[in-house]
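We count residues from 1, following the sequence as given.
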Amino acid sequence: MNWQKKTILSPKPTYKGQLKFSSPPLTRFIGSTGFISSGLGTFYLMQYVIGVDPDIWHSSNWDIKTVVLLVVSVIAGVLGGLFSAFLGVTIQVKSERVNHSLSVLWHYLASGTIIWFFLLALCLNKIYGKNKIKVFINFVGEWNFTFYTVSIVTLGTLLIGLILLMTGAMKEYTKPNFFICLVLSLPITLTMGYVQYYSLGVNSKLWIFMGIALSVALHPVSIYLINRDKEQRRQILEI
């Protein structure tokens with residue numbers, strides 16, 4: 001019979017949905033954005049609706065409304081982050097170069113922000129002392145302090161990531177040279193330190209320390225996380 005002459009092969013595996021080309025850095029970015037926007041949005045909305053003192057962080061006694069506000073905001077942030085991350089997973093990024101670029105930009109931004117806030121807190125504590133930092137931030141204005149700091153670290157770290165990609169210092173399949181990355185980033189991080197202190201009116205030379213320390217710490221951390229993304233991407237493509 002004819003059917004006896006046919007070779008029966010196992011069916012080619014199919015990929016459900018769009019998970020095959022999901023991008024780990026893009027998923028993390030969208031998830032983080034969802035977490036922050038959902039958490040802060042819920043916090044400020046509920047703060048206005050239930051009438052909680054806006055200056056809760058300086059209050060020594062929290063009532064039940066304040067506790068509920070914080071708990072609900074955290075839950076909303078987690079749910080928003082999970083939902084956003086799920087949406088991020090469904091986005092196809094077929095180009096390995098694009099995925100690598102997203103990974104570089106995201107990790108330099110995320111790692112740089114954490115390191116910068118830590119260094120800034122460390123230096124302000126050294127300059128003003130633990131008890132006077134609150135006085136200084138109130139004098140500058142909490143919104144101004146946050147706006148200047150977030151704007152500086154966001155623009156600075158993204159610029160570093162772009163320069164490393166454009167110059168080929170952070171190529172997709174080559175091991176980055178730490179010294180070259182340091183040389184390329186140091187002028188930017190020093191400028192970040194100077195602008196940060198100038199915008200806040202801080203009279204100190206510790207901006208030099210912040211610039212150097214950020215440049216030294218940023219690359220090892222970011223490179224490690226970028227390599228982790230590469231491994232996760234490889235595992236996704238092999239599913």
> Phe136 and Ile127: side chain to side chain contact (heavy atoms under 4.5 Å, CB included), yes or no, with the steps?
Replying inline: CA-CA 11 Å; Phe136 167 74; Ile127 296 170; over 6 Å; no
> side chain to side chain contact (heavy atoms under 4.5 Å, CB included) between Leu122 and Leu206: does it pass, once the steps are laid out?
Replying inline: CA-CA 10 Å; Leu122 186 68; Leu206 282 177; over 6 Å; no
> Do Leu105 and Leu162 pass the side chain to side chain contact (heavy atoms under 4.5 Å, CB included) test, and can you show the C-alpha distance, the side-chain angles, and the key distance before you say yes or no?
Replying inline: CA-CA 7 Å; Leu105 295 175; Leu162 283 173; 4.0 Å; yes
>> side chain to side chain contact (heavy atoms under 4.5 Å, CB included) for His100 and Lys171? Distances and angles first, verdict last.
In response: CA-CA 8 Å; His100 174 70; Lys171 290 183 179 179; 5.8 Å; no
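Here the side chains of Val153 and Leu120 are not in contact, with every heavy-atom distance at 4.5 Å or above. Leu225 is listed as a side-chain neighbour of Ser111, based on a closest heavy-atom distance under 4.5 Å. In this structure, Phe43 and Leu70 have side chains that are in contact, with non-hydrogen atoms separated by less than 4.5 Å. Taking 4.5 Å as the limit, some side-chain heavy atom of Met170 sits within range of a side-chain heavy atom of Cys181. Using a 4.5 Å heavy-atom cutoff, the side chains of Phe178 and Pro220 are in contact. Residues Thr42 and Ile75 are not in side-chain contact: their nearest non-hydrogen atoms beyond the backbone lie 4.5 Å or more apart.
Both Val98 and Phe29 belong to a common hydrophobic cluster when Ile, Leu, Val, Met, Phe, Trp and Tyr are linked at side-chain heavy-atom distances under 4.5 angstrom. When the side chains of ILVMFWY residues are joined at heavy-atom separations under 4.5 Å, either directly or via intervening members, Leu119 and Ile133 end up in a single hydrophobic cluster. No path of Ile, Leu, Val, Met, Phe, Trp and Tyr side chains, each step under 4.5 Å between heavy atoms, connects Val183 with Ile163, placing them in separate hydrophobic clusters. Clustering ILVMFWY residues whenever any of their side-chain heavy atoms sit less than 4.5 angstrom apart, transitively, puts Leu40 in the very cluster that holds Val68. Linking ILVMFWY side-chain heavy atoms closer than 4.5 Å, directly or via other members, places Tyr108 and Val221 in two distinct hydrophobic clusters.
Judged by distance alone, with hydrogens and angles left aside, the side-chain atoms of Ser222 form no donor-acceptor pair with the main-chain N or O of His219 at under 3.5 Å. Here the side chain of Ser37 pairs a donor or acceptor atom with the backbone of Gly34 at under 3.5 angstrom.
Residues Gly201 and Tyr128 share a closest heavy-atom pair of O-OH, 4.4 Å. Across Ile212 and Leu186, no two heavy atoms sit closer than the pair CA-CD1, 4.0 Å. The two residues Cys123 and Phe209 have their closest heavy-atom pair at SG-CD2, 3.7 Å. Across Pro25 and Ser103, no two heavy atoms sit closer than the pair CB-CA, 3.5 Å. The nearest pair of heavy atoms linking Gly112 to Leu214 is O-CD1, 4.0 Å.
Interatomic distance, Asp229 CG to Asn99 CG, rounded to the nearest 0.5 Å: 7.0 Å. Taking CD1 of Ile226 as the start and OG of Ser101 as the end, the distance is 10.0 Å to the nearest 0.5 Å. In this structure, CD in Glu231 is found 9.5 Å from CG in Asn227, a value given to the nearest 0.5 Å. From Tyr194, atom OH reaches atom CD1 of Ile152 across 12.0 Å, with rounding to the nearest 0.5 Å. Separation of atoms CD1 (Ile137) and NZ (Lys134) is listed at 9.0 Å; rounding is to 0.5 Å. Rounded to the nearest 0.5 Å, atoms OG (Ser215) and CE (Met210) are 13.0 Å apart.
Heavy-atom neighbours of Tyr197 OH from other residues, nucleotides or ligands within 6.0 Å: above the threshold of 12. Counting heavy atoms of neighbouring residues, nucleotides and ligands inside a 6.0 Å radius, atom CZ of Arg228 exceeds 12 of them. More than 12 heavy-atom neighbours from other residues, nucleotides or ligands sit within 6.0 angstrom of CZ on Phe145. Residue-environment remark: CZ (Phe118) stays at or below the threshold of 12 foreign heavy atoms within 6.0 Å. By the 6.0 Å contact criterion, CZ on Phe83 is open, its count of non-hydrogen atoms from other residues, nucleotides or ligands being 12 or less.
For the pairing with Ile188, the side-chain contact (heavy atoms from CB on, under 4.5 Å) check across Leu155, Leu159, Thr157 returns one residue only, Leu159.
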